[in-house]
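This one's a predicted model, so the numbers in the text were calculated from it and none came from an experiment.
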Amino acid sequence: MTFKERLDSGKFTVVVELQPPKGIDLSEIYRNAESLRGRVDAINVPDLQHSIMRLGSLSVCALLKGKGLEVIFNLSCSDRNRLALQSELLNAAALGISNVLILQGTPPSIGDHFEAKPVFDLDVMGLLGAAKRLQEGYDLMGNDLQGKPMFCVGAMVNAGAKGHILDLEVMDMEKKIRAGAEFFITNSIYDLNLLEKFSKKVAHFKVPILVSITLLKSVGMARYMNKHIEGTSIPDSIIDRLMQASDKQEESVRIAAELIKGMRPFCQGVQIIPIGWETLIPPLLDQAGLP
């Protein structure tokens with residue numbers, strides 16, 4: 001079953017994010033991907049995440065696709081102009097990659113090449129529009145294509161926003177759906193009350209939403225996320241559990257498994273972000289009751 005077929009079926013969908021290497025040694029990502037075969041519905045491959053120079057999402061997706069794994073190609077607006085963005089979408093389609101997550105991207109100034117110049121020729125809405133035009137058989141200038149690509153296009157949404165910011169997120173979400181977004185992946189969520197409020201506000205869209213969970217490695221990491229990452233709200237009860245745990249890995253897995261069980265009424269799936277703890281994904285899936 002393809003990722004799109006899974007979404008269309010309404011079944012609970014599991015995605016795991018695997019970071020490309022900073023180099024061309026793919027042995028680790030191959031090993032981690034193989035351990036997830038038959039356990040997850042797709043592997044999401046970031047694109048120069050946090051403006052750190054790495055092997056590209058497209059090449060990794062193509063190689064994993066060649067091994068029979070379902071993948072989600074990430075494409076961000078920060079580093080390419082509209083020519084390159086449209087070309088990358090065509091490259092993906094030519095390689096048989098149809099699942100695309102469109103992102104705004106981050107300024108290069110926060111990454112490891114801080115002198116690089118940002119592009120942002122298109123924003124997310126513009127890139128969604130470009131993907132839609134390509135699927136209609138035209139580029140952004142109205143020129144005919146020789147063969148039309150077909151995509152399953154997704155975008156990000158901040159499900160942890162509060163007050164009027166949440167209302168703005170819902171409005172943006174509606175615009176993205178009109179522009180062609182077929183699924184959404186949220187930021188990392190740890191407060192089920194916030195997720196429930198969000199799910200009620202967007203239920204009428206009837207679009208698949210996958211909620212992200214980043215495995216918490218330490219109390220310091222949890223506090224940093226609370227302070228610096230927009231939309232992240234990690235309750236004190238979770239921080240206290242990590243603080244008191246003798247084995248941080250085991251407790252982090254238990255917390256994530258409980259959250260996955262608790263969020264199932266409010267979303268259609270989950271994206272697990274391991275950040276170096278990829279070997280913990282299979283036991284986490286077991287604890288979460290995801291065979």
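Using a 4.0 Å cut-off between charged side-chain N and carboxylate O, Arg254 and Glu251 make a salt bridge. One finds a salt bridge joining Glu174 and Arg178 here, because a Lys/Arg side-chain nitrogen approaches an Asp/Glu carboxylate oxygen to under 4.0 Å. Salt bridge absent: Glu136 and Lys132 never bring a charged side-chain N and a carboxylate O closer than 4.0 Å. Using a 4.0 Å cut-off between a side-chain N of Lys or Arg and a carboxylate O of Asp or Glu, Arg80 and Asp47 qualify as a salt bridge. In summary, Lys176 and Asp172 do not engage in a salt bridge, as defined by a charged side-chain N under 4.0 Å from a carboxylate O. Here Asp41 does not pair with Lys11 in a salt bridge; the nearest charged N to carboxylate O distance is not below 4.0 Å. Salt bridge status for Asp112 with Lys22: present, with a side-chain N to carboxylate O gap under 4.0 Å. Using a cut-off of 4.0 Å between Lys/Arg side-chain N and Asp/Glu carboxylate O, Glu169 and Lys201 are scored as not salt-bridged.
Between Ala131 and Phe151, the closest heavy-atom pair is O-CD1, 4.4 Å. When all heavy atoms of Pro282 and Ser35 are compared, the closest pair comes out as CG-O, 4.2 Å. Closest approach of Ile273 and Ser188 over heavy atoms only: CD1-OG, 4.1 Å. Residues Ser218 and Leu242 share a closest heavy-atom pair of O-CD1, 4.0 Å. Taking each heavy atom of Lys261 and Gly289 in turn, the nearest pair found is CE-N, 4.4 Å. Taking both residues in full, the closest heavy atoms of Arg133 and Gly142 are given as NH2-CA, 3.6 Å, listed atom of the first, atom of the second, then distance.
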Between Arg37 and Glu34, is a salt bridge (Lys or Arg N to Asp or Glu O under 4.0 Å) present by the stated rule, with each step listed? CA-CA 5 Å; Arg37 186 184 295 273; Glu34 198 59 42; 2.7 Å; yes
Quick one: do Leu128 and Val153 satisfy side-chain contact (heavy atoms from CB on, under 4.5 Å)? Show the steps, please. CA-CA 8 Å; Leu128 284 169; Val153 180; 3.4 Å; yes
What do the steps show when you test Gln271 against Val211 for side-chain contact (heavy atoms from CB on, under 4.5 Å), and what is the final call? CA-CA 6 Å; Gln271 173 180 243; Val211 177; over 6 Å; no
side-chain contact (heavy atoms from CB on, under 4.5 Å) between Lys162 and Ser233: does it pass, once the steps are laid out? CA-CA 10 Å; Lys162 302 175 183 178; Ser233 179; 4.1 Å; yes
For Cys267 and Leu210: C-alpha separation, side-chain torsions, deciding distance, then whether side-chain contact (heavy atoms from CB on, under 4.5 Å) applies. CA-CA 6 Å; Cys267 62; Leu210 311 182; over 6 Å; no
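Here the CE-CD1 distance, from Met221 to Ile239, works out to 12.0 Å after rounding to the nearest 0.5 Å. To the nearest 0.5 Å, atoms CG (Asn81) and CG (Asp121) are separated by 5.5 Å. Note that CD1 of Ile43 is 10.0 Å distant from CD of Glu70, once rounded to the nearest 0.5 Å. Interatomic distance, CD of Glu250 versus CD1 of Ile255, reported as 12.0 Å (0.5 Å rounding). Rounded to the nearest 0.5 angstrom, Ile72 CD1 and Phe3 CZ are separated by 4.0 Å. Separation of atoms CG (Leu89) and CD (Gln86) is listed at 8.0 Å; rounding is to 0.5 Å.
Looking only at side-chain heavy atoms (C-beta outward), Pro21 and Leu26 come within less than 4.5 Å of each other. For the pair Ile189/Ile213, no side-chain contact is recorded, criterion being any heavy-atom separation below 4.5 Å from C-beta on. Side-chain atoms of Pro20 and Val45, non-hydrogen and from C-beta on, do get closer than 4.5 Å to each other. Looking only at side-chain heavy atoms (C-beta outward), His164 and Leu168 come within less than 4.5 Å of each other. Side-chain contact between Leu284 and Leu215: present, with at least one pair of heavy atoms (C-beta onward) separated by less than 4.5 Å. Side-chain contact check for Lys148 versus Gln135: every heavy-atom pair is 4.5 Å or farther apart. Contact check for Ile238 versus Leu216: side-chain heavy atoms found under the 4.5 Å cut-off. Proximity of Thr186 to Ile209: side-chain heavy atoms (C-beta onward) are separated by under 4.5 Å at one or more points.
Ring centroid separation for the pair Phe205 and Phe184 does not come in under the 6.0 Å cut-off.
Applying the side-chain hydrogen bond (donor to acceptor under 3.5 Å, both in side chains) definition to pairs two or more places apart or across chains, those involving residues 274-291 are Arg39-Asp286.
There is a path of hydrophobic side-chain contacts, each under 4.5 Å, that joins Met125 to Leu140. Hydrophobic clustering (ILVMFWY, side-chain heavy atoms < 4.5 Å, transitive): Val253 and Ile275 are in one cluster. Note on Leu285 and Val270: same hydrophobic cluster, where clusters join Ile, Leu, Val, Met, Phe, Trp and Tyr whose side-chain heavy atoms are under 4.5 Å apart, directly or indirectly. Under a hydrophobic clustering in which Ile, Leu, Val, Met, Phe, Trp and Tyr are joined whenever their side-chain heavy atoms come within less than 4.5 Å, directly or via other members, Ile165 and Leu194 fall into different clusters. Taken together through direct or relayed side-chain contacts under 4.5 Å among Ile, Leu, Val, Met, Phe, Trp and Tyr, Leu259 and Ile272 form part of one hydrophobic cluster.
Under a 3.5 Å cut-off, the side chain of Ser78 and the backbone N or O of Phe120 do not form any donor-acceptor pair. At least one donor-acceptor pair closer than 3.5 Å links the side chain of Ser9 to the backbone N or O of Arg6. Put simply, the side chain of Ser87 never gets that close to the backbone of Ala84: no donor and acceptor are under 3.5 Å apart. Without hydrogens or angle criteria, Asn143 side chain to Asp139 main chain gives no donor-acceptor distance under 3.5 Å.
Residues Glu230 and Asn187 bring no donor and acceptor atom of their side chains to less than 3.5 Å of each other. In the model, Asn91 has a side-chain atom that pairs as donor or acceptor with a side-chain atom of Glu88 under 3.5 Å. Checking Ser51 against Thr106 by side-chain atom types alone, a donor-acceptor pair falls below 3.5 Å. There is no side-chain donor-acceptor pair under 3.5 Å between Gln104 and Asp123. Side-chain atoms of Thr232 and Asn226 form no donor-acceptor pair, as typed in the model, at a separation below 3.5 Å.
The number of heavy-atom neighbours closer than 6.0 Å to CD of Glu196, taken from other residues, nucleotides and ligands shown, is above 12. Atom CD1 of Ile110 has more than 12 heavy atoms from other residues, nucleotides or ligands within 6.0 Å. Atom NZ of Lys197 has 12 or fewer neighbouring heavy atoms from other residues, nucleotides or ligands inside a 6.0 Å radius.
The only member of Asn99, Leu95, Val100 that meets side chain to side chain contact (heavy atoms under 4.5 Å, CB included) when paired with Ile97 is Leu95.
By the 6.0 Å and 45° rule, Lys67 stacks over the aromatic ring of Tyr30.
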